[in-house]
Each structure stands twice: as C-alpha cells, then as structure tokens.
Amino acid sequence: MEGRHLDALLRYRDALRSSASSCPVDPFFAFPAVLKSCAALSLPSAVAQLHARAVRSGCHSHPFVLTSLISTYARLSLPHLAAVLLPPASSSSSSTLTVCYNALISGFAVNGLHISALSLFRRMLRCGASFNSITMLGLLPCGPHLPLRPLSGCSALHACNVKAGTDVDPAVANCLITMYARCGAVDLARRVFDCANSAAAAAAAAAPPLPTGERDAHALVRWNSMVSAYAQNGLAAEALELYQEMVERAGVEPDAVTMVGVLSCCANLGAPAVAREVEQRISGDPSFSTNTFLLNALINMNARCGNLPRAQKLFDEMPHRTVVSWTAIISGYGIHGEGRKAAELFDKMLAAGVRPDGVVMVSVLAACSHAGLTEEGLRHFRRMEGAHGLAPGTEHYACVVDLLGRAGRLQEAQRVISSMPVAPDGAVWGALLGACKIHRDVETAELAFRNVVALEPGNVGYYVLMANIYSDAGRLDGAARVRVMMRRRGLRKEPGVSYVEHGGSVHTFFADDGSHPQAGEIHRLVGELEALVGGGGGAGRHSERLAVAFALMNSEPGEKLVVIKNLRVCEDCHMFLRRVSAVVGREITVRDATRFHHFAGGECSCNGYW
DNA sequence: TTAGGGTTAG
C-alpha cells in the first residue's frame with residue numbers, strides 16, 4: 001500500500017519535471033490523488049510544498065483543490081490548519097461549502113475534537129450550507145462523546161437524521177448502530193439494525209436487483225457492526241448467534257472484520273472450538289493471514305483461552321507487529337500468572353522501538369501486580385510520564401493501588417490516591433477495597449467503601465465485597481448493615497451464570513437451572529458427585545457445578561474441561577471442583593470474573609486476577 | 001474524468 005502511494009508521488013514529481021507537452025499526467029487533475037498519497041505516507045511537509053505550489057499557480061481556490069487540501073490537513077491530524085482554509089459562505093457554491101464542512105467535521109471528529117466537530121456543524125447550519133448523509137457519517141461518531149449524558153447526545157443526532165431523512169442511507173444506519181453500541185445502548189443499536197434490514201429487504205423486493213456489489217457491501221458492514229456491537233458490550237453469546245444467522249440464514253459472506261468480532265467473543269467466552277472453526281476458515285484465505293487486525297484477534301483469543309504456545313507462535317510469525325499485538329501477548333501471560341514473562345516481553349517491546357500506549361501499560365502493570373512483582377511494577381509506573389510521555393490515567397492509578405495493596409502496603413496505596421492529579425474513580429477505590437479484603441483491614445475498607453459507593457452506587461460487587469470483609473472480621477452487624485443498604489437501594493446480586501462450549505455451541509447454566517435439555521441427568525450427576533466428594537446440600541446448586549457435570553457427561557475422557565463463570569467461584573464450589581478433579585482424574589479449568597482456576601488431580605493453581 | 005463517508009484487534 002505504501003509502495004503504491006510512493007509510486008504516485010514519484011510519478012507526479014517526474015510529471016512536473018517533464019515538459020508540458022510530454023507530461024504524462026495533468027498536474028492539476030492529479031492534485032487530489034497526490035495529496036491523498038501524502039496523507040497516507042504522513043508527509044505534512046510535502047503537503048505544505050504542494051499547497052504553496054497551488055497558491056503560486058492560483059489554483060488553490062478551485063473547489064477540488066481546496067477540498068483536497070482541507071481533507072488532507074485534517075487527515076494529517078492538523079485540523080486547525082484545515083479550518084483556516086474554510087471559504088466564506090458567500091464566495092463558494094453551496095455544494096463546495098458542504099464538501100468543505102464535511103471534510104472538516106470528519107477531520108475534527110477523527111482527531112478526537114468532538115465538541116469542535118459539533119460546533120462546526122452548528123456553524124454550517126447557521127451559514128446556510130446544506131448537510132447530507134456524508135456530514136452525518138463524520139458527525140455520528142461524536143455522539144458518545146458529547147457532554148450531555150452520552151445517550152442523549154446520540155438520540156439528538158439520531159433525531160437530526162430522521163428529520164433530514166438521512167437515516168435511510170444504509171451507511172448512516174450502520175454508523176448509528178456503532179454509535180449506540182459505543183455508549184452501551186445495544187438494544188437501540190439492534191433496533192436500527194432490524195429497521196435497516198427490513199428496509200434493505202423491501203428495497204430488494206421492490207426494485208430490480210442491481211448487479212453491483214454495493215448493496216452487499218452495505219449489508220456486510222451492517223452485520224459486522226451489529227456483531228461487533230454485541231461483542232464490544234460483552235454479549236458474546238448474542239454475537240455468536242448473530243454470526244450464525246448471518247452466515248446460515250442471511251447468506252452474507254463474512255470478511256476479516258466479522259472474524260475479528262467473532263474471535264473477540266470466543267476469547268471472552270472461552271469457546272476454543274468455535275474459534276478453531278474460525279481459524280480454519282481464515283487459514284483457507286491467504287489475504288486473511290496477513291491481516292494484522294485478525295492476527296491480533298487470534299493471538300488474543302488463544303492467549304485468553306489458555307493456548308499460550310499457539311498465541312506465541314502466531315505472534316512470532318506475524319509479519320508486522322503493532323502495540324496491540326504486544327498487548328495481546330503480554331496480557332495473555334499476565335492473565336495466566338506468568339508476570340515475569342509478561343514483564344520481559346514488555347522490555348522486548350521497548351527494545352524493538354514500539355512506543356507503549358496507555359493500554360499496554362495497564363497490562364504490564366496488572367501482570368506485575370498479579371505475579372507479586374511490586375517493585376518492577378512501580379518502576380514501570382514511574383517511567384510512564386518521563387520515558388514514554390504518557391500521563392497516567394485513573395486506570396493506571398488503580399493498577400498501582402492494586403500493586404501496593406496486594407503487597408500489604410495499604411498506607412502507601414492511600415497516599416498514592418491522595419496525591420493523584422486526577423480525581424480517583426471507582427476502580428481506584430475498588431482496588432483499595434479489594435486489597436483490604438486480602439489483608440483484613442476493616443478500617444481502611446470502610447474508607448474505600450464510602451468513596452466507592454459514592455462514585456458507583458449501583459455496582460453490586462463493592463457492597464458484596466464490603467459485607468464479606470465485615471463477615472471475615474466477625475463483624476456481622478456491619479455485614480447486615482451493608483445488605484440492608486443494598487436492599488434499600490434496590491440492588492440485587494447479578495445471577496451467576498456458567499458457560500460451557502460443546503458441539504460448536506455455547507451452553508448456559510444458571511443456579512438451580514432446570515431448563516437444559518439434559519437437566520435431569522445433569523442434576524443427578526451433580527448429586528452423585530456431591531455425595532462422593534462432599535459439599536452438597538447448600539441453599540442452591542451453583543451454576544458451575546451444573547456446567548462441570550454437563551461437560552463431564554459430554555466430553556471424551558482426557559479432554560480438558562473449560563467452564564466460564566461470570567462471577568467469582570465461591571469457596572465451597574472451589575473445594576468441590578478440586579475434589580471432583582481428583583476423583584474423576586480430569587483437568588478442569590474455571591475462569592471467573594477475577595481468577596483463572598486450574599484444577600488437576602486435586603491441586604488448584606489460581607493464576608491470579610485478571 | 002479530478003473533492004467529503006460507514007464496520008475491525010489489545
């Protein structure tokens with residue numbers, strides 16, 4: 001790709017040098033394409049030279065040249081330089097003005113200047129320029145970042161589209177799906193998706209089918225947007241279901257983007273068989289094997305599902321590694337308790353000249369924290385600002401509090417919180433609260449709890465944590481008080497769910513679940529196991545027991561059992577699984593919201609928080 | 001035959 005742009009630039013240079021009669025390209029007509037190549041190669045000085053040449057030759061105010069310049073500066077993350085080129089409304093045709101504003105709005109939006117993009121849109125309306133669906137495509141990604149409550153901003157933008165009639169544009173509909181997904185409104189995204197699907201079906205029925213692939217391209221992006229919407233909001237089962245529907249019923253051929261979304265779900269759900277199917281599909285297509293996005297998703301999936309050798313092999317063999325590739329492999333080792341290896345990889349990444357970003361810093365700090373590498377973690381944190389030019393965010397402070405807290409340095413952790421240049425969020429106080437649970441410090445826990453519930457009053461986990469801290473300390477009055485507080489606030493603990501993959505689909509179990517087709521046999525087996533290893537007869541039958549029984553019934557001897565639980569595995573179930581593993585001689589892996597438990601022959605290795 | 005646009009990874 002880079003070569004193509006470089007060729008274009010060299011050809012243009014040669015064209016300018018040759019005489020006008022033998023000139024192979026018209027320098028003026030080639031201007032927009034050449035500017036695009038400069039933007040793709042990140043050559044702002046070349047753009048400035050071309051800009052100067054355009055001014056000298058007097059063609060800089062030609063609509064195509066002007067709009068190309070505006071768009072190019074915006075793409076080069078120089079939106080303010082682009083903005084000064086905006087022509088006055090009186091001196092341009094209406095369509096040129098629209099194109100200029102469109103390029104600018106999109107330029108501001110992709111550079112994260114969302115409010116400025118919205119201001120430009122207002123200015124566009126004030127000066128009488130007309131907007132179209134392309135304006136909206138630039139503007140909609142700003143929705144989730146507007147200073148209103150995010151959903152209000154999105155609804156306002158959606159309403160604006162409905163009023164103008166731009167919402168029927170298939171590309172706008174796709175953008176609306178993504179906009180709602182980005183602020184967590186998956187149900188609204190789905191409504192737009194369903195409407196757009198119906199509209200596409202109606203259009204297909206009414207009009208003679210177009211031979212072009214354009215409509216298919218819109219359909220593909222639409223399905224991809226919705227699969228990603230589910231995937232990014234943690235609704236992995238829904239995403240996989242939609243993927244099946246896409247391929248089997250809608251007949252839309254998936255591409256690399258679809259696969260990235262699907263793999264991300266497999267990673268979160270621990271569904272290696274579905275992922276293997278995806279991997280097979282990918283390996284058949286040579287264009288997929290060089291797609292960095294896809295390879296990163298594969299590394300992440302293999303690392304998360306516990307196949308670190310496979311993840312490492314993919315990582316070693318990939319032609320081009322980005323900071324995302326490094327993050328996937330580093331966090332993979334971190335999750336599985338290999339903090340030392342994760343820290344070494346981070347050093348290798350720096351040595352390879354890859355600039356760290358905030359996300360990779362979180363994975364290396366978390367890896368150090370889980371592996372007890374307190375000093376090393378602190379060293380990386382201290383180097384963030386000076387050596388890497390990264391201002392630590394609340395997520396990094398939360399890691400540091402966790403790092404110190406786990407090491408029992410609770411007072412230091414508190415000092416870090418009070419010295420933070422940004423206001424601590426729920427995660428920071430939550431990390432302190434978690435550390436208080438480990439080190440049984442009720443007094444500090446009360447301080448952390450007061451702060452965390454003020455910031456996140458609806459997060460049930462923190463109430464449960466505080467109640468358990470009181471219980472551990474024998475302070476039953478305190479535990480009862482927290483539970484009353486939860487009840488008054490109408491908070492209920494999220495129901496526990498366990499997932500097992502079998503036969504290409506994911507099976508879901510709730511506590512006391514009787515809805516599975518094999519429920520009778522499953523409950524019978526759990527009863528037998530409880531009789532055998534103890535730990536039965538509690539208030540209910542936890543979902544992980546049902547899931548493990550199902551997995552035992554439906555797997556080959558010697559096959560490793562993998563269960564995903566959405567909440568923490570309780571102590572009773574932990575003991576139960578350990579004993580079951582010993583009695584039946586099977587390896588059982590349970591990943592829950594906080595830990596990765598691997599049971600083999602009566603031993604359990606809890607490989608750290610993640 | 002030249003200007004503005006949608007979906008993807010950690």
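Residue numbers start from 1 in every chain, and the chains themselves are labelled A, B, ... in the order their sequence lines are given, proteins ahead of strands.
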### Message
Centroid distance below 5.5 Å plus an interplanar angle below 30 degrees: do A:F293 and B:dT8 meet both conditions?
### Response
yes
### Message
If I take atom CZ in residue A:F193 and atom C1' in nucleotide B:dT7, what distance separates them, rounded to the nearest angstrom?
### Response
12 Å
### Message
So if I take every side-chain heavy atom of A:I134 and compare against B:dG5, B:dT7, B:dT2, which nucleotide ends up nearest?
### Response
B:dG5
### Query
What does A:R321 touch in the nucleic acid at a heavy-atom separation under 4.0 angstrom: a base, only the sugar-phosphate, or nothing?
nothing
### Task
Give a yes/no answer on whether the side chain of A:S106 brings an N or O atom under 4.0 Å of OP1 or OP2 in B:dG5.
yes
### Task
Look at the aromatic rings of A:H114 and A:H145 and report parallel, tilted or perpendicular, splitting at 30° and 60°.
parallel
### Task
Please state how far atom CG in A:L139 lies from atom C1' in B:dG6, giving the value in whole angstrom units.
14 Å
### Message
Base, sugar-phosphate or nothing for A:D255? Non-hydrogen atoms, less than 4.0 Å.
### Response
nothing
### Query
Going by heavy atoms in the side chains, are A:P141 and A:T178 under 4.5 Å from each other?
no
### Message
Need one value for A:T258: base, sugar-phosphate or nothing, where a base atom within 4.0 Å counts as base even if backbone is also close, heavy atoms only.
### Response
nothing
### Task
Please say which of A:V257, A:N197, A:T258 ends up in a side-chain contact (heavy atoms from CB on, under 4.5 Å) with A:W223.
A:N197
### Task
Measure from the side chain of A:T178, starting at C-beta and using heavy atoms only, and say which of B:dA3, B:dA9, B:dT7 lies closest.
B:dT7
#### Entry: Value in whole Å for how far the P atom of B:dT7 lies from CE of A:M259
20 Å
### Message
Pairing donors with acceptors under 3.5 angstrom, does anything connect the side chains of A:R190 and A:Y230?
### Response
yes
### Message
Using the side-chain heavy atoms of A:V324, tell me which of these nucleotides is nearest: B:dA9, B:dG4, B:dG6.
### Response
B:dA9
### Candidate nucleotides B:dA9, B:dG10, B:dG5, ranked by approach to the side chain of A:L137 - the nearest
B:dG5
## Note on the structure
Out of B:dG5, B:dT8, B:dG10, minimum distance to the side chain of A:R182 belongs to B:dT8
### Message
What contact category does A:V323 fall into here, base, sugar-phosphate, or nothing, at under 4.0 angstrom with non-hydrogen atoms?
### Response
base
### Task
Check every atom of B:dG5, B:dT7, B:dA3 against the side chain of A:S225 and return the nucleotide holding the closest atom.
B:dT7
#### Entry: Side chains of A:R222 and A:V252 in contact at under 4.5 Å (non-hydrogen atoms)
no
#### Entry: Options B:dG4, B:dG6, B:dA3, nucleotide nearest the side-chain atoms of A:V221
B:dG6
### Message
Rounded to whole Å, how long is the line connecting atom CD of A:E253 with atom P of B:dT7?
### Response
21 Å
### Task
Please determine if a side-chain N or O atom of A:Q232 lies less than 4.0 Å away from the OP1 or OP2 oxygen of B:dT8.
yes
### A:L242 CG to B:dT8 C1', straight-line distance once rounded to whole Å
15 Å
### Summary
note: A:F315, atom CZ; B:dG10, atom C1'; distance rounded to Å ~ 12 Å
#### Entry: Distance, rounded to the nearest Å, where A:L86 contributes CG and B:dA3 contributes P
19 Å
### Task
Go through B:dT8, B:dG10, B:dA3 for me and flag the one nearest to the A:P63 side chain.
B:dA3
### Task
To the nearest Å, give me how far apart CG (A:N300) and P (B:dA9) are.
10 Å
### Task
Go through the N and O atoms of the side chain of A:N132 and the base of B:dG5, and report whether any donor-acceptor pair is under 3.5 Å.
no
### Query
Considering the options A:S77, A:P79, A:C142, A:S119, which one meets the side-chain contact (heavy atoms from CB on, under 4.5 Å) requirement together with A:L113?
A:P79
## Note on the structure
Testing B:dG4, B:dT8, B:dG10 for proximity to the side chain of A:R75, the answer is B:dG4
